[in-house]
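Encoded as structure tokens, the structure appears first; notes follow it.
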Protein chains: 4
Amino acid sequence: MGGTMNGPKQQRRGNTRQRIQDVALELFAEQGYEKTSLREIAERLDVTKAALYYHFKTKEEIIVSLFEDLTKPMEELIEWGRQQPHTLDTKQEIVRRYSEALAGAEPLFRFMQENQATVRELRIGDTFKDRMRGLRDILIDPDAELVDQVRSVSAMFTMHAGMFVMQDLEGDPEKKRAAVLEVALDLITQAHERAHGKGCGKN
Amino acid sequence: MGGTMNGPKQQRRGNTRQRIQDVALELFAEQGYEKTSLREIAERLDVTKAALYYHFKTKEEIIVSLFEDLTKPMEELIEWGRQQPHTLDTKQEIVRRYSEALAGAEPLFRFMQENQATVRELRIGDTFKDRMRGLRDILIDPDAELVDQVRSVSAMFTMHAGMFVMQDLEGDPEKKRAAVLEVALDLITQAHERAHGKGCGKN
Amino acid sequence: MGGTMNGPKQQRRGNTRQRIQDVALELFAEQGYEKTSLREIAERLDVTKAALYYHFKTKEEIIVSLFEDLTKPMEELIEWGRQQPHTLDTKQEIVRRYSEALAGAEPLFRFMQENQATVRELRIGDTFKDRMRGLRDILIDPDAELVDQVRSVSAMFTMHAGMFVMQDLEGDPEKKRAAVLEVALDLITQAHERAHGKGCGKN
Amino acid sequence: MGGTMNGPKQQRRGNTRQRIQDVALELFAEQGYEKTSLREIAERLDVTKAALYYHFKTKEEIIVSLFEDLTKPMEELIEWGRQQPHTLDTKQEIVRRYSEALAGAEPLFRFMQENQATVRELRIGDTFKDRMRGLRDILIDPDAELVDQVRSVSAMFTMHAGMFVMQDLEGDPEKKRAAVLEVALDLITQAHERAHGKGCGKN
DNA sequence: AATGAATGAGTGTTCATTCAT
DNA sequence: TATGAATGAACACTCATTCAT
């Protein structure tokens with residue numbers, strides 16, 4: 001890109017930090033956080049371990065930086081949702097956008113889904129839990145019946161798990177995502193309507 | 001128990017294998033598999049690491065043995081389901097019993113839920129995946145619409161995740177489990193009925 | 001010792017811990033604490049680094065154990081002194097015995113003398129400081145003039161430093177130690193007598 | 001100071017070398033040489049590590065430069081002493097001035113006192129040892145009795161250690177220094193007089 | 001006069017595992 | 001049925017140093 005002569009080991013200008021993040025996320029998602037060593041990341045980038053430490057103070061900081069960079073949309077979405085009236089429309093809008101945001105950071109969320117024990121001990125654990133609580137508080141009516149609260153929560157991790165577990169269902173990915181979204185929306189809608197006195201007439 | 005003299009450090013001989021499993025499961029569930037060392041397990045039991053190796057050939061074998069011992073009910077359930085006609089009643093029965101089985105081995109399933117990345121690399125990974133596929137094949141009609149297939153799958157991990165994520169919802173655990181079960185049954189029922197042409201009349 | 005056949009790599013029965021301490025002290029005294037690596041110690045013993053960790057939990061614990069093992073005589077001496085009346089005789093006795101104890105743990109005290117900055121940050125730092133304070137409280141009369149207090153303190157580190165700095169003075173070591181002791185005794189005596197009203201008549 | 005515009009991060013240019021020395025000495029004295037990293041020094045100065053290398057070729061050169069800059073008075077003093085007749089007066093004068101010089105470079109000497117093991121391995125080690133030998137040759141009469149030689153040496157490190165160990169003695173610092181000096185002078189005087197036949201009657 | 005980016009060699013420490021007793 | 005002693009391989013991390021810009 002601009003340079004005429006591109007010998008081996010050249011061309012790395014200011015993008016090393018980014019490259020570290022990319023490779024790290026790939027490996028973390030593939031093998032888990034603890035089983036991925038800094039040596040492995042460094043080797044794949046053809047730099048030394050010490051180079052990683054120029055860009056990140058600790059191994060944990062790598063995953064934290066990924067989390068912070070990639071979940072900004074979620075954070076904003078939840079912030080936005082908090083200020084809306086908790087109508088059915090709002091909830092549906094939230095679910096729709098959340099599904100999109102999830103798809104946009106798939107590897108990170110696969111990682112978090114599959115390494116919950118690790119995540120819990122990391123600095124991101126609490127942040128994430130707070131986020132989930134925020135989302136829940138928007139989607140759930142606190143005076144709904146327990147079963148409808150469960151329905152809302154179920155909608156949430158239908159989306160989370162959906163991306164990964166569905167993998168071995170046949171069918172084109174875009175269609176699967178649409179189906180997952182539909183089920184989630186359905187759960188949310190059922191929960192909302194039962195809590196607000198509508199019958200079975202509509203759905 | 002039955003022994004006449006109970007000196008210090010005696011406390012029932014012969015059950016060490018069992019005690020190892022108990023402590024290991026507790027720690028695995030609490031901190032994750034990789035972050036739990038054999039040293040830790042041994043210390044908590046007040047034996048040496050080498051003693052663990054008398055009872056289990058490797059660390060992996062400890063978790064494998066737990067999996068095999070604790071998921072036998074599931075295995076039998078699925079075997080049973082495979083031989084039944086795939087009616088709605090059967091499916092509901094399966095879901096009900098699965099929920100019970102899950103509750104009976106809660107720590108193990110919490111562990112598996114929160115250490116999916118690890119489990120995948122272990123010997124139990126494939127076995128578990130097979131089981132899930134078996135369950136799915138019973139619950140899902142292969143020619144149902146995609147969205148109804150998703151509904152069935154969603155029922156499954158509503159149960160799985162339900163136990164843990166619901167933890168910070170208020171309310172008595174038994175009621176929560178009932179609510180989770182109801183939502184799962186509902187999803188299964190909807191999926192089945194849509195696939196078999198019934199309307200909204202029933203629920 | 002008893003064994004008939006002594007192949008290479010044999011004969012280490014239960015003395016490894018001791019051998020580690022010996023080699024470690026030798027190296028610590030020679031090169032300093034920080035500049036001595038566990039690799040070095042292990043290599044010299046022809047064991048692996050991990051073997052060191054079987055016997056000591058950390059590097060620091062090695063030096064701590066040495067300190068505790070080798071300074072027990074001092075501790076007892078000070079405890080004894082604390083319970084005696086603070087007469088000149090007692091003080092002289094203390095100084096004499098302290099000089100002996102010092103000579104009995106020479107390498108350790110050389111180490112502590114030459115690595116004060118390190119020692120201060122280690123767990124032994126405070127213990128040692130307390131000991132010195134204990135000794136001082138015995139040797140010094142709190143209402144003596146400042147200059148005589150200094151004399152007493154000077155006696156103390158005349159002994160401490162004496163062993164090492166005198167090294168490049170010619171003469172047989174035993175004679176040097178006697179000379180150092182004499183000076184220390186002299187300082188203590190002067191301090192005591194000036195504080196208790198005797199003239200120059202005696203010494 | 002002289003500059004018209006003092007933008008942020010400017011604060012007098014040209015004196016960086018000096019600022020490095022100041023911070024380095026402070027940290028070396030506080031934590032020891034090996035435990036003080038160039039990163040730490042650089043961070044405290046708000047420059048990069050590489051900047052240190054513009055001013056000093058190695059870490060060792062920093063401490064060497066400090067030693068050379070700060071011990072010039074000592075060097076000159078010893079040079080002067082060498083050319084004087086070794087009378088009592090000369091010796092006393094030397095001790096007095098040495099005490100002053102010591103006080104003028106306190107942090108450096110604290111550092112050297114507490115990091116003898118390190119200093120020994122550094123380039124300054126030999127230089128310092130030579131200096132000490134020079135001083136000793138002035139203060140000691142080679143044909144004095146051993147005990148009087150010890151007295152002279154004791155005077156020397158009474159001064160050296162005095163500054164630091166006395167710290168936790170109560171009393172105003174200036175008075176303490178005076179007391180230390182008095183004891184040192186006393187030791188020197190005793191040594192000299194005994195060697196030259198004057199005394200208070202006994203020897 | 002100083003920085004950004006990187007390296008190579010090392011550190012202390014932990015782990016699952018082995019084996020003679 | 002266990003222990004005491006050890007290992008080999010790895011790990012996260014730090015350091016002094018270099019060099020093109």
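Each chain gets a letter, A, B and so on, in the order the sequences are listed, and its residues count up from 1.
Counting only Watson-Crick or G-U wobble pairs whose defining distances are both under 3.5 Å, the stems of 3 or more consecutive pairs in DNA chain F are E:2-21 with F:2-21.
Residue order along DNA chain F, read from the 5' end via each residue's closest nucleotide, puts A/K57 first among D/T58 and A/K57. Nearer to the 5' terminus of DNA chain F, by closest-nucleotide assignment, is the contact made by A/Y33 (compared with the other of A/Y33 and D/E34). Each of A/Y54 and A/A51 lies near DNA chain E, and the nucleotide nearest A/Y54 is the one positioned closer to the 5' end. For the pair A/A50 and B/E60, nearest-nucleotide mapping onto DNA chain E gives the more 5' position to A/A50.
In the set F/dA6, E/dA2, E/dT18, the nucleotide with an atom closest to the side chain of B/Y53 is E/dT18. Between E/dT17, F/dG8, E/dG12, one nucleotide has an atom nearer to the side chain of C/L38 than all others, and that is E/dG12. The side chain of A/R39 has F/dC11 as its nearest neighbour among F/dC11, F/dA5, E/dC15. Of the candidates F/dT7, F/dA12, F/dC15, F/dC15 carries the atom nearest the D/S37 side chain, counting heavy atoms from C-beta on.
Under the 4.5 Å side-chain criterion, counting only non-hydrogen atoms from C-beta, A/V64 is not in contact with A/L122. The closest side-chain heavy-atom distance from A/F67 to A/I62 is not below 4.5 Å. Between C/R44 and C/E26, some side-chain heavy-atom pair lies under the 4.5 Å cut-off. Considering only heavy atoms from C-beta on, A/F56 comes within 4.5 Å of A/R17 through its side chain. Between B/L108 and B/F28, the closest side-chain pair of non-hydrogen atoms is not below 4.5 Å.
Remark: A/H55 is not in phosphate contact with E/dG4, judged by side-chain N or O atoms under 4.0 Å from OP1 or OP2. OP1 or OP2 of E/dA2 has at least one side-chain nitrogen or oxygen of D/T16 nearer than 4.0 Å.
If you measure from atom NZ of B/K35 to atom P of F/dA10, you get 21 Å, rounded to the nearest angstrom. The distance from atom CZ of A/R17 to atom C1' of E/dG4 is 14 Å, rounded to the nearest whole Å. In this structure, CG of B/L52 is placed 15 Å from C1' of F/dG4, rounded to the nearest angstrom. Across the protein-nucleic acid pair, D/D46 atom CG and E/dA1 atom P stand 19 Å apart, rounded to whole Å. Across the protein-nucleic acid pair, D/Q18 atom CD and E/dA1 atom C1' stand 17 Å apart, rounded to whole Å. The separation between A/K59 atom NZ and F/dC11 atom C1' is 8 Å, rounded to whole Å. For the pair C/L45 CG and F/dA5 C1', the computed distance is 14 Å after rounding to whole Å. Note: CD (A/E61) to C1' (F/dA12) measures 14 Å, nearest angstrom.
Residue-to-nucleotide contacts include a donor-acceptor pair under 3.5 Å from the side chain of C/K49 to the base of E/dT13.
Nearest heavy-atom pair, C/L52 versus C/V47, reported as atom, atom and distance to 0.1 Å: CD2-CG2, 4.4 Å.
Electrostatic pairing of D/E34 and C/K35 does not count as a salt bridge here, judged by no charged N lying under 4.0 Å from a carboxylate O.
Remark: D/K59 is positioned above the aromatic ring of D/Y33, its terminal NZ or CZ atom under 6.0 angstrom from the ring centre and at most 45 degrees off the axis.
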